[in-house]
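Chain letters run A, B, ... following the sequence lines, proteins first and then strands; every chain starts at 1. Remember, it's a predicted structure, so these values are computed and weren't measured experimentally. Hydrogens, waters and symmetry mates are skipped; everything else that's a heavy atom, side chains included, is used.
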2 protein chains.
Amino acid sequence: MNIGDVAQLSGLPAKTIRYYEEIGLIEPLRAANGYRSFRESDLHKLAFLGRARSLGFAIEDCRTLLALYRDRDRSSADVKQVARSHLDCIDRKIEGLTEMRKTLAHLIDACAGDDRPDCPILADLATGDPAHHCGRQFG
Amino acid sequence: MNIGDVAQLSGLPAKTIRYYEEIGLIEPLRAANGYRSFRESDLHKLAFLGRARSLGFAIEDCRTLLALYRDRDRSSADVKQVARSHLDCIDRKIEGLTEMRKTLAHLIDACAGDDRPDCPILADLATGDPAHHCGRQFG
DNA sequence: AGATGGCTTCCAGCAAGTGCAAGGTCAATG
DNA sequence: CATTGACCTTGCACTTGCTGGAAGCCATCT
């Protein structure tokens, strides 16, 4: 299979596949003309990578997961550890974003959004008014 | 004020402040010895930037917001627009992360995490089993 | 033979900084 | 006066995970 074929089958852009080879995640063979020649196993790895990436695993995690996958003597605890630590990472991100979202939504709510210049959003950014840190908006 | 002072006062690393100058967000004066010389207004801008960044605004949004802040003829609608579009962006991120979190949590839950090699996490990554897309885990 | 289209390589760049190294300045001390 | 140490300067490389483009080879169709 050429790169275009595996790109289509795996759903990954050809560029990404070349990049994955460059960083050693896959090692496709080469045909006489210099083209990469992908085996079923390469395609399988790429699909694995695509799914791991879509779950947000970092490339280095993907490398670890691939290694665990190929290791018949792995313990599922090792896999679970990787996944759990990634889950923690996701939770921290969600928490941070939710905090931002809350503050921002308050500010947007308080902004008239008309043609006058007065704007609580800018006022907050300028003064660091911590009003959004407590519950009451009209105290 | 030297860069160390504004770094301390604004809470931003000196490196970041230099970077902000490099990309034209601030324009501190220079002392005879070549040191950056920050005015109150520079410090104010840096604090503004720090708060905008902490709300997750992209640098280019920060530039826009600073410009709006300095423009006494702005309309708050313009500010609100920037904020709302950023809020949308945050919401999309939260949604994506929450989706990931859900799938990952299911997989982690299903994984024994012992010293045996059998692992639903790897199985899912390998086969793309869409079991986590429906509600039942044991059907 | 020429025109696509696919493949190859390498180089550059994105966001938003961070880290390091080599060197200039300043204030205080021996 | 020399030196130490803290602070400042610049520039370059590196980060993550690709993505885009240029220049050129290869394969196929007409």
request  = Please state how far atom CD1 in A:I59 lies from atom P in D:dT15, giving the value in whole angstrom units.
outcome  = 14 Å
inquiry  = Please check if the number of heavy atoms outside B:R39 that lie under 6.0 Å from its CZ is greater than 12.
reply    = yes
Contact under 4.0 Å: B:T16 side-chain N or O vs C:dA16 OP1/OP2 = no
request  = Decide if atom CD of B:E21 counts as having more than 12 heavy atoms of other residues, nucleotides or ligands within a radius under 6.0 Å.
outcome  = yes
note = 5' to 3', nucleotides 2-9 of chain C under a 4.0 Å protein heavy-atom cut-off (B base, S sugar-phosphate only, - none) gives ----BSBB
key: Euclidean distance, atom CD of residue A:E22 to atom P of D:dT19 [Å, nearest integer]   = 14 Å
request  = Measure from CD1 on A:I23 to P on D:dC14 and round the result to the nearest Å.
outcome  = 16 Å
message = Can you confirm whether A:L122 sits close enough to B:R74 that some side-chain heavy atom of one is under 4.5 Å from a side-chain heavy atom of the other?
response = yes
message = How many whole angstroms separate atom CG of B:L46 from atom P of C:dA16?
response = 16 Å
query = Between C:dA15 atom C1' and B:L25 atom CG, what is the distance in whole Å?
reply = 13 Å
key: Test applied, side-chain contact (heavy atoms from CB on, under 4.5 Å); reference residue, A:R63; option that passes from A:L68, A:L25, A:L49   = A:L25
key: Atom pair distance, as rounded to whole Å: OH in B:Y19 and P in D:dT10   = 16 Å
ask   = When we call it a touch if two heavy atoms are under 4.0 Å apart, what does B:Y20 touch: a base, just sugar-phosphate, or nothing?
value = sugar-phosphate
request  = Answer with yes or no whether the side chains of B:D114 and A:S76 bring together a donor and an acceptor at under 3.5 Å.
outcome  = yes
inquiry  = Once rounded to the nearest 0.5 Å, what's the spacing between atom CG of B:D78 and atom CG of A:D115?
reply    = 10.0 Å
